[in-house]
Amino acid sequence: GQSLEQPSEVTAVEGAIVQINCTYQTSGFYGLSWYQQHDGGAPTFLSYNALDGLEETGRFSSFLSRSDSYGYLLLQELQMKDSASYFCAVREVQGSARQLTFGSGTQLTVLP
Amino acid sequence: EAQVTQNPRYLITVTGKKLTVTCSQNMNHEYMSWYRQDPGLGLRQIYYSMNVEVTDKGDVPEGYKVSRKEKRNFPLILESPSPNQTSLYFCASRVTGGTEAFFGQGTRLTVV
């Protein structure tokens, strides 16, 4: 089986930096993805880490430590529009396919 | 425009009345999948398809059927819906081996 844990809620102020952690337990691990979802809309892809280290894309960065089964999403210079749910997802082998299994999501609220 | 299109966006139905939620993608993706999203549970995979005529169960397949007769279409069928299938449903597609999944806008289903 597999499991992912991430905080259910995080609150921060505009302009601040916030880190959303994700720990996972799975076999057949390939990589860790992050998705953003606004108000029940379509989840959208943010980043993917297959190797240890930090990947940076603009204000967002994602980190992975395979040995610790841990990753995080770092959001810098927070803006009001960053208020959303953020999901970590492991890419793993299940049966004959590489599947995407999601965590339960972290609701980020950005305050003015 | 590259997209995944689901229909309908909203549906209220009665217990036992068969329904189909359609999903179509225009990106020539081999891999398609269906998820349901419930509060506090994140996105859980119902069924997936690795290509035409190749489908398999995800984590929560009970009460659902799928078919993949064409590459672009992957309908979700509820032959006898029950209230516990009230949920937000998402269709997603990606290239085989790809790291980014593209999601439809979601179908909010209520079964009374």
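What you see below is based on every heavy atom in this structure, not just the backbone, and it leaves out hydrogens, waters and symmetry mates. Residue numbers begin at 1 in each chain, while the letters A, B, ... track the order of the sequences. Note that the coordinates shown come from a computational prediction; the quantities given were computed from them, not determined experimentally.
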Worksheet item: Honestly curious: do A:L74 and A:L78 fall in one hydrophobic cluster under the side-chain, below-4.5 Å linking rule?
Response: no
Fill in: B:F90 with B:M32, same ILVMFWY side-chain cluster at under 4.5 Å
no
Worksheet entry | Residues of residues 93-112 of chain B with any heavy atom under 4.5 Å of a heavy atom in chain A | B:R94, B:G97, B:G98, B:T99, B:E100, B:A101, B:F103, B:G104, B:Q105
Item to complete: Supply the atom-to-atom distance B:L43 CG to A:Q37 CD, rounded to the nearest 0.5 angstrom.
Response: 6.0 Å
Worksheet item: Which residues pass the side-chain hydrogen bond (donor to acceptor under 3.5 Å, both in side chains) test with B:K65, sequence neighbours left out?
Response: B:E79
Worksheet entry | Which atoms of A:Y30 approach chain B - backbone, side chain, both or neither, heavy atom under 4.5 Å | neither
Worksheet entry | Shared hydrophobic cluster for B:V66 and B:V4 (ILVMFWY, side-chain gaps under 4.5 Å) | no
Worksheet item: Can you list every salt bridge (Lys or Arg N to Asp or Glu O under 4.0 Å) pair that touches residues 62-90 of chain A, not counting sequence neighbours?
Response: A:R59-A:D82
Practice prompt. Would you name the heavy atoms of B:G40 and A:S104 that are closest together and state the gap between them?
Written response: O-CB, 3.5 Å
Worksheet entry | Leading residue by heavy atom contact count with chain B [cutoff under 4.5 Å; candidates A:A89, A:S8, A:G31, A:G40] | A:G40
Discussion item. How about CG on A:D39, more than 12 heavy atoms from neighbouring residues, nucleotides or ligands closer than 6.0 Å, or not?
Written reply: no
Practice prompt. Check whether B:Q37 gets within reach of chain A through its side chain, its backbone, both or neither, counting any heavy atom under 4.5 Å.
Written response: side chain
Worksheet item: Please, which pairs that meet salt bridge (Lys or Arg N to Asp or Glu O under 4.0 Å) have at least one residue in residues 5-33 of chain A, sequence neighbours excluded?
Response: none
Discussion item. Do B:Y48 and B:V60 sit in one hydrophobic cluster, given that two such residues count as connected whenever their side-chain heavy atoms are within less than 4.5 Å of each other, even indirectly?
Written reply: no
Discussion item. According to a hydrophobic-cluster definition based on side-chain heavy atoms being under 4.5 Å apart (Ile, Leu, Val, Met, Phe, Trp, Tyr only), do A:L51 and A:L73 belong together?
Written reply: no
Worksheet item: If you count heavy-atom pairs under 4.5 Å with chain B, which of A:G105, A:P43, A:S33 comes out on top?
Response: A:P43
